[in-house]
Amino acid sequence: MSENEDAAGEMSDGLQVELFHPESDREPGDTNIQKWGFDIHPVVFPVALVVIALFIAVTLGMGDSASAAYTWLFNTVGDTFGWFYLLAVNLFIVTLLFFALSKYGKIKIGGVEAEKEFSDFSWMAMLFSAGMGIGLMFFSVSEPLYYLQTVPSFFGAEAETGAAASAAMAQTFFHWGFHPWAIYGLVGLGLAFFSFNRGLPLTFRSIFWPLLGDKIYGWPGHVIDLVTVFATLFGLSTSLGLGVAQVNTGLSYVGGDMLGVANIPTGTIPQVALIAGITLIATMSVAAGLDGGVKRLSTLNLYLMFALLGFLLIVGPTVYIFGSWVEGLGAYFGNILALSFFTGTLGQAANGTPTAWTVFYWGWWIAWSPFVGMFIARISKGRSVREFIMGVLFLPSLFSTLWLSTFGGSALFNSLEGSGAAIATYNELGQTVAMFAMLEQFPLGALSGIIATLLVITFFVTSSDSGSLVIDHLTSGGKHDVPKAQRIFWAVTEGAVASILLVGGGLTALQTASITTGLPFAVILCLMCYTVYQGLRNEYQILESEEFAESIQDLTNQDEVEVVTSGDEMVTDISNSDEAPGSDWHGPDWLHSIEIKFSNVFFHWELIAAAGYFVSS
């Protein structure tokens, strides 16, 4: 690098720090306690631990009455606060679209001198893969089959007809489309902006700097991080509980009903045993190191995911799949506004779709948002706010609808135009068997069933490992590098909480955990809309200030420095004229396993090599 390039880099970096970063001498984890192989925040970690221990003790102490208590709590939260969930998530969409389409859309994440750390293709690939997970494996078949027979009252179609199938796809797309990604997008934008543009720790308390200032390091910030920890833990536990229930059913159905080689029991005890076994695998992946453990499992995840999708597209009803995709998108787009505000209050929704499905999903997505939001924040430095929002809202949603059409559409085809065996088995044995009953209707059903089971297991392991990293980060005061034993501790804790929820009330308990912990976090996200707006507004004012203009003039007087402006002359980029953006990655290694989980898509070694900078830097 030449002397001019060095000077330009130093000036632009100094410009970002001098004009945009808040005045604070605090560092992540500067008050931490380091003892017994742990590096923990003195408030967040012990308080979180005490609350989790109380939850486990109360659930076990309630015994058989725990299930009834969870059912009551689920219905109470859904019936009482369902309207708030719907309104809040709609607010998130409106807020993001305002940011994207207004003047604030031109603001660059990381500041005007920031470069893209991944190519556009790599970034889009990782966003696509971020839409995958245990949830899509669990609900991609069972949800459309449920709606086919119990048509959402919003549509008013006759059950088990073509109109019911169209309504089923529209309602399913609604739950997995723009709304969840608006939640992830808001969280990701807030984390990315206040970390990269303001130089604050990559943790949720930082997003509230415009409201709290240095108080984010005091009790207000502790409360925010504690709510985030609980939301993440129980949202992750919901996914792990659903995943292990599907693994249990898959092993039993494929091994017994399809192959006739093993009669594997199903139920709470086998599922708790499976959680223990799979959590052990996750723990071993942590112990094996980032490259040796999660990286290899994520590579396997990639191959299994696309093998299963491509296989069903070929051997399944291909034309019907793509036809249902297009028709489902039409019904979804045609009804999205009314669906977004449908509570079922007027006329009373007899089948309870808003509470039983929509409110649960919105609570689950909100609880899951720290996990996905932190990942997409970390990979999006150097992109404009507009580019970030449009990419996060549309690309993963599109991939999710294709997956749902492939698996759900195949199940609808068998139900309406085939033997009807898939829906008959679903009605007899329940949600967890739906995927395997559908795969059985097509060639090599046993093999595809085994692949589906392995895919859920690998999702379980990588989600547990990556989720524990997020919680570990939050309970260590935002430090990037924490002891390995601490991650193992949280991986085990996640498995324990998922087990307790299964023992305490099964699927209803898992759903209750999400919507209950998601409720206070939804309030935090509503406040986040305002704090992110304030941050962007302040950034824009600085970009138009005389002091900034003078600094830019100093930069332009140097050789080999290029300043890019928008139509209204606002500076949007500063770079060396011979330097291509998006070349090298210089990020920390603490989010490596999250990044690895999502980055293995479309192409293998190139993307892993780019992502490997998380470890090497």
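This one's a predicted model, so the numbers in the text were calculated from it and none came from an experiment. Numbers here are sequence positions counted from 1.
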Next on the checklist: For the aromatic rings, using the six-membered ring if either is Trp, is the centroid distance between Phe178 and Phe394 under 6.0 Å?
Outcome noted: yes
Checklist entry - Thr531 and Met528: side-chain contact (heavy atoms from CB on, under 4.5 Å), yes or no, with the steps? => result CA-CA 5 Å; Thr531 60; Met528 193 183 296; 4.1 Å; yes
Checklist entry - How about Trp176 and Glu143: does a side-chain donor come under 3.5 Å of a side-chain acceptor? => result yes
Item to check | Residues Asn335 and Gln171: side-chain donor-acceptor under 3.5 angstrom | outcome: no
Checklist entry - Are the side chain of Ser102 and the backbone N or O of Phe98 linked by a donor-acceptor pair below 3.5 Å? => result yes
Item to check | Donor-acceptor side-chain pairing of Thr401 and Trp325 below 3.5 angstrom | outcome: yes
Checklist entry - Just how far is it from atom CZ of Phe342 to atom CG of Leu86, taken to the nearest 0.5 Å? => result 10.0 Å
Checklist entry - Would you say the side chain of Phe442 lies within less than 4.5 Å of the side chain of Ser448, judging by non-hydrogen atoms? => result no
Item to check | Verdict with supporting geometry, Asn414 and Ser419, side chain to side chain donor-acceptor pair (under 3.5 Å) | outcome: CA-CA 6 Å; Asn414 178 262; Ser419 64; 3.3 Å; yes
Checklist entry - Given the side-chain rings of Phe234 and Phe55, with only the six-membered ring counted for Trp, is the space between their centroids under 6.0 Å? => result yes
Checklist entry - Taking the side chain as C-beta and beyond, is there a heavy-atom pair between Phe92 and Trp181 under 4.5 Å? => result no
Next on the checklist: With a 4.5 Å cut-off on side-chain heavy atoms, are Met435 and Tyr253 touching?
Outcome noted: no
Checklist entry - Would you say Glu327 has more than 12 foreign heavy atoms packed within less than 6.0 Å of its CD? => result no
